[in-house]
Structures are given as structure tokens and as C-alpha cells.
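Below is one structure, written out as C-alpha cells, with a few remarks after it.
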4 protein chains.
Amino acid sequence: MQGVNKVILIGNLGKDPEVRHLDNGASVANFSIATTETYKDRNSGERVDQTEWHNIVLWRGLAEVAEKYLKKGDSVYIEGKLRTRSWEKEGVTRYTTEVVGDQLTMLGGKKSSDDSGQSSNYSGGNQSNSQQAPAQSQTPDTNSEMDDLPF
Amino acid sequence: MQGVNKVILIGNLGKDPEVRHLDNGASVANFSIATTETYKDRNSGERVDQTEWHNIVLWRGLAEVAEKYLKKGDSVYIEGKLRTRSWEKEGVTRYTTEVVGDQLTMLGGKKSSDDSGQSSNYSGGNQSNSQQAPAQSQTPDTNSEMDDLPF
Amino acid sequence: MQGVNKVILIGNLGKDPEVRHLDNGASVANFSIATTETYKDRNSGERVDQTEWHNIVLWRGLAEVAEKYLKKGDSVYIEGKLRTRSWEKEGVTRYTTEVVGDQLTMLGGKKSSDDSGQSSNYSGGNQSNSQQAPAQSQTPDTNSEMDDLPF
Amino acid sequence: MQGVNKVILIGNLGKDPEVRHLDNGASVANFSIATTETYKDRNSGERVDQTEWHNIVLWRGLAEVAEKYLKKGDSVYIEGKLRTRSWEKEGVTRYTTEVVGDQLTMLGGKKSSDDSGQSSNYSGGNQSNSQQAPAQSQTPDTNSEMDDLPF
DNA sequence: TTTT
DNA sequence: TTTT
């Protein structure tokens, strides 16, 4: 069955993105974003923050947008899908779950005295999924390319 | 600002889709789906059903999928965006809000004795928004085409 | 069937919210937000903005958050459901589709010299839908209250 | 910042749910669902299925719904949030990413001769997040309970 | 009616 | 590792 696998996140980058440019011309960006949920503890009644970290992967046009415009602390909206990869390390199979983004909207960064672009927003994809460059990070061959990556 | 305009629905078709084939080769399907929410009434304690109807519009490949595979009573997952159109009738401006779908997944229809394909599901789009035919219902020219329609 | 009726929006308020405090103690906020999508026109190759306006309704705690913290131009994330109401005007039945929000996150307003709170964000609900005040805008009786409103 | 951490899945259970009843009265269900995406390979032109498995966790009322109504092969809609846990095994820290569901809708199972309830759907939560039992799987104390689990 |  |  064709299922649905959709993730929607709004959070802040923990570090600047790491972007690699592959031999075949494709780019891929990796970074983490934190989403924080605040709730009131049942017993103490105190407010507690719970932060969750998400590994984000962006391809092609979106990777280039990330390289040019995203930095540590920035707030972003990301829509994508879950993908779990397995890899070997010291004879042990490990698993990493990532969010492969297919839409990116910048929501502005943290306050700073020299930040004049705080509200400048950019959408790496767009809602109509047109044929613009960033939306092409969604092509099927993404999958075969992933096999080339030295994770 | 590049915003986000996203709708996610699971519901049942109220009637068979109406599909038109435009002169420029594009197809467009229109139908309504019902989403029902059940809640317990505060005063009576009784369960109450509240049904909401949504006007769905599908273009091109997705319209053709609708034409071939969808019929009254079928259950579908639809992802898309909100669009409000205005039109004149008897000198009064009226507004209609529709969901322009860019992903469709069939979830099976209602029970019937001769329905052997109840669980056969089909996704008119796909999560990676590839360049397959159905996903091309998302091209920008959708907008100019809409002006040609005799609503 | 219990369906799914979900809307996710990121956009800017066109005006300050209008908030009413009902006799039964509940509050309700109404405002519109714009979501803008930019695409490249097929023929001219020029970038075109298409703006969509959405009518937002917030109840109780979320209405009070809107009253205190939201103003014209602010950027917000809103999650909710579609609801279409009908009403009579001059003998004609008209329909309005609204988004009844059950989660609100402030994403910051536009740049201005005296705006020190630009990045201060607040979530009127929270992801775990806890029992905090704002989350109680989601109680079932919302439905009966709506009938009391002089729309 | 209060972020957004939302996952929406439609897929099929790989096995029957495992449900535990904790000493404090809470229940927790664990199972995996598969979402399959079909795309056309760039080089071969052949259709390729890519299946992703997701670890689902449901609490309280939703866990009890899962225990009563869900079984291997069933198709479900699940809405929830991502949570990554770490644990030690043989001196190595491992990570598991799960989807903690706060809404569940049954979409029907696979065909079987004795399955008359194939289309009977049930929503363990509801869209308005009311105070009904299932929705209380969302209370803040979920977090402290999780520490009690012998994962 | 917003925003870039 | 972020943010408020």
C-alpha cells in the first residue's frame, strides 16, 4: 500500500549546516534542529522544558538554500519524511532516524545587534511543488544517490 | 513571506467525482468528502456526530486517478492547500473555499458484496513528489487554467 | 467513520484580532491570516505572488493569547480544523469556511524600530495537548457554544 | 521556543501490538507500521518500492484501543510526535526514534474471509482533543511514566 | 487586510 | 547543539 510518511517541524538549528557537494553535482545538507515542548509537571506544578533533537537531511536545491541562508540558532519550518538508516560500527548495527526535508521555510533567527535579516524569510520549496530548482530535491533518484554517501 | 498552507483530510466521497477534460489537455475533478467527528455532549452525555463537508479539486494526473478509481462512498486521504474563490451570482459576490489536492491515497470503500478491491490502495501522488504524471498537477500554470473554468 | 480534518498554516495577520467575551465566560477571537505562495509563471517566466486569506477562529485560552499577544502583521503557526458555516443574508444562504485553531505558535512580527519582542514566541497550546488552560479551548462544548454566537 | 513536532503516518502493522499494563494503571502499546513509497527508478525506469518502518508508542486510552482492535496487517492513521530515546547495551549508547501517537484512526485491515468489520473505523483520539479517555494519553505525566519502563 |  |  502506498502509505503516508510526513513530518512537520518548527525548531532551531543547533549548529551551522554541514553541506557536501557530491561528484554527481548533487548537494546534501545535514543539521539538527531542536523542538522544545513546555508542560507543567503533575506533581511539582513547575514548568518543565523537554527538548527533542531531529536530524535533518536536505538535498540539491534545498541543501544549497541551507548552505547560503541557514546558520546556528535560526528558526525553520521543515516538512519531510522519516527515513531510518542502518550502519555498522565496531561490529554493531546501529540505526539513525532522519527527516528528509522536501520543504523549508525560514522563520527568522535569534535576536542579535548586527542581524538585519532577522525577518527575511525564504521558502526553499513551495506549496505547489512547482518545477523550480529547490523542489527538485524530491526526484526519485535521491534514493540511488544516497547509496553513494560515505556515512 | 512564503507561508505554509496545508490541509490533510481523511473522509468519504459524497458522490462520484465530476471530471472535465479541458481544451488544453488538462483534466480537473471535483467532489466533496465528509469528515465526521464524534464527541460527547457536555450536557446530555450523549455521543454526537458532527460532519463537515469539504470541496475537493484535483488537477491533471490526480483528476484522472479520481475519474478511474474513485466513486461515491470511497474513503480517501487527501493532502493539499486551501483556496478561496469568489464569483458573482445575481449581483452578489459569493465565496467558496476548496481544497486543491496534491496528494491522494485511496483507503478503500464501503462494504459491498461485489467489492473485491476494497483494500486495494493507490496513491495518485507520492511522498517524494517525484516527476511522475500525477505530481504534475502541481505546476504553476494551474493558476492560469483556473481562469478558464466555467464555475 | 471518524475522519481526519486538519489544517496547518503559517502566515501573517491582516489586522489585529477581534476578541469577544461571551456571557458564559468563554472568549472567542477572529482574525485573518495571509499565506503567500510564490511561483514562476510558465509563460512570462516572472515570479508571481499568490496570496490566500484564511479566517481563523480561536476559543477560550487561545483567544485570550491572541488578544494579549497578537497584532496586525504578526507571523503565526496555526493548527486546526476546517469548519463551514452557513448563514442568511438578504434571503440568500451564504457559506463561510473557517479554520478553528487548536494550536497556536507565535513566530514573530515584522521588523520595526521599537519592536523589542520580535522573537518572543509563545505557544497557546502545546504538542502534548496537556490540561493547561489554552488546551481547554478544545473541549466538546465548543460546539454548543457556537450556536450562541450572533454571527 | 515552543516548537512544532508533528508526525502523520498511514501504514500497516507489521505484527500485533505488544501492550503492557503498568503498576500505576497506565497502559502502553508498542508496534511498528510500514509505509511504502513507490517511485520510478531513474535509470531502469522500473517501479521500485521503498518501505520504511516506524516504531509507534501509544499510551493509556489509545494503548487500550490498540490492544482491543489492532492486529498485524491493519491499516492505521497515526498522528503524533517524534521522540528519540537513548539506552545502553554492551557498553554502547544506542538511540531509538519513536512516534508517540496522540491520535489513531483505524482504516481497515487486509482482506480475510471472516473479517466482517473491515471498514469499521475507530478514532482513539478525536480532532477536537476533547476530555474523553483516549485523549488523556496526552497528559504531561506521560513523561515521568516513561522513566519507569524497562526498555 | 499581511508579509518579503 | 538551539531557542525562550
Side-chain angles (χ1 to χ4, degrees), chain A residues 9-18 30-39 47-56 65-66 69-78 105-112 115-124 126-127, chain B residues 1-5 84 86 95, chain C residues 9-18 30-39 47-56 65-66 69-78 105-112 115-124 126-127, chain D residues 1-5 84 86 95:
Chain A
L9 303 172
I10 294 180
N12 302 282
L13 279 78
K15 294 185 182 174
D16 291 351
E18 295 179 11
N30 289 271
F31 56 92
S32 294
I33 68 170
T35 57
T36 300
E37 177 185 354
T38 304
Y39 62 91
R47 299 193 72 74
V48 183
D49 274 9
Q50 182 162 335
T51 295
E52 199 66 34
W53 286 95
H54 311 272
N55 301 311
I56 309 297
V65 168
Y69 299 109
L70 293 185
K71 64 178 188 308
K72 178 178 175 176
D74 282 352
S75 177
V76 290
Y77 169 91
I78 287 176
T105 300
M106 294 175 62
L107 301 173
K110 60 179 174 182
K111 281 171 298 222
S112 75
D115 181 7
S116 61
Q118 183 171 354
S119 316
S120 65
N121 298 295
Y122 182 95
S123 172
N126 70 25
Q127 283 90 278
Chain B
M1 167 183 175
Q2 285 285 73
V4 171
N5 173 359
T84 299
S86 66
Y95 297 89
Chain C
L9 302 172
I10 293 181
N12 302 283
L13 278 78
K15 296 185 182 174
D16 290 351
E18 294 179 12
N30 288 271
F31 56 91
S32 293
I33 68 170
T35 57
T36 301
E37 177 186 352
T38 304
Y39 63 90
R47 300 194 71 74
V48 183
D49 274 9
Q50 182 162 334
T51 294
E52 200 67 33
W53 286 95
H54 310 272
N55 300 312
I56 310 297
V65 168
Y69 299 109
L70 293 185
K71 62 178 191 307
K72 177 178 174 176
D74 282 353
S75 177
V76 290
Y77 169 92
I78 286 175
T105 300
M106 292 174 63
L107 301 173
K110 60 179 174 183
K111 281 169 299 219
S112 74
D115 181 6
S116 63
Q118 183 170 353
S119 316
S120 66
N121 298 296
Y122 182 94
S123 173
N126 70 27
Q127 282 90 280
Chain D
M1 167 183 174
Q2 286 285 74
V4 171
N5 174 359
T84 299
S86 66
Y95 298 88

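Throughout, protein chains are lettered first and strands after them, A, B, ... in sequence-line order, and every chain is numbered starting at 1.
Shown here are the side-chain hydrogen bond (donor to acceptor under 3.5 Å, both in side chains) partners of Asp49(C), two or more places apart in sequence or in another chain: Thr38(C).
For Thr36(A), whose side chain is taken as the heavy atoms from C-beta onward, the closest listed nucleotide among dT2(E), dT1(F), dT3(F) is dT3(F).
Using modelled atom types and a 3.5 Å distance limit, the side chains of Ser32(A) and His54(A) yield no donor-acceptor pair.
Rounded to a whole Å, the CD1 atom of Ile33(A) is 18 Å from the P atom of dT1(F). The interatomic distance linking Leu70(A) (CG) with dT3(F) (C1') rounds to 15 Å, in whole Å. Between Asn5(B) atom CG and dT3(E) atom P there is a gap of 18 Å when expressed in whole angstrom units. For the pair Tyr77(C) OH and dT2(E) P, the computed distance is 25 Å after rounding to whole Å. The separation between Trp53(C) atom CH2 and dT3(E) atom P is 8 Å, rounded to whole Å. One interatomic measurement links the two molecules: CG of Asn30(C) to P of dT2(E), which rounds to 18 Å at whole-angstrom precision. Between Ile10(A) atom CD1 and dT2(F) atom P the separation is 20 Å, expressed in whole Å. Look at CG on Asp16(A): it is 14 Å from P on dT1(F), rounded to the nearest Å.
Between Pro17(A) and Ala66(A), the shortest heavy-atom contact is CG-O, 3.8 Å.
Mapping Asp49(A) and Lys15(A) onto DNA chain F by nearest heavy atom places Lys15(A) at the nucleotide closer to the 5' end.
For Thr51(A) against dT2(F), a side-chain N or O and a base N or O form a donor-acceptor pair under 3.5 Å.
At least one donor-acceptor pair under 3.5 Å links the side chain of Asp16(A) to the backbone N or O of Lys72(A).
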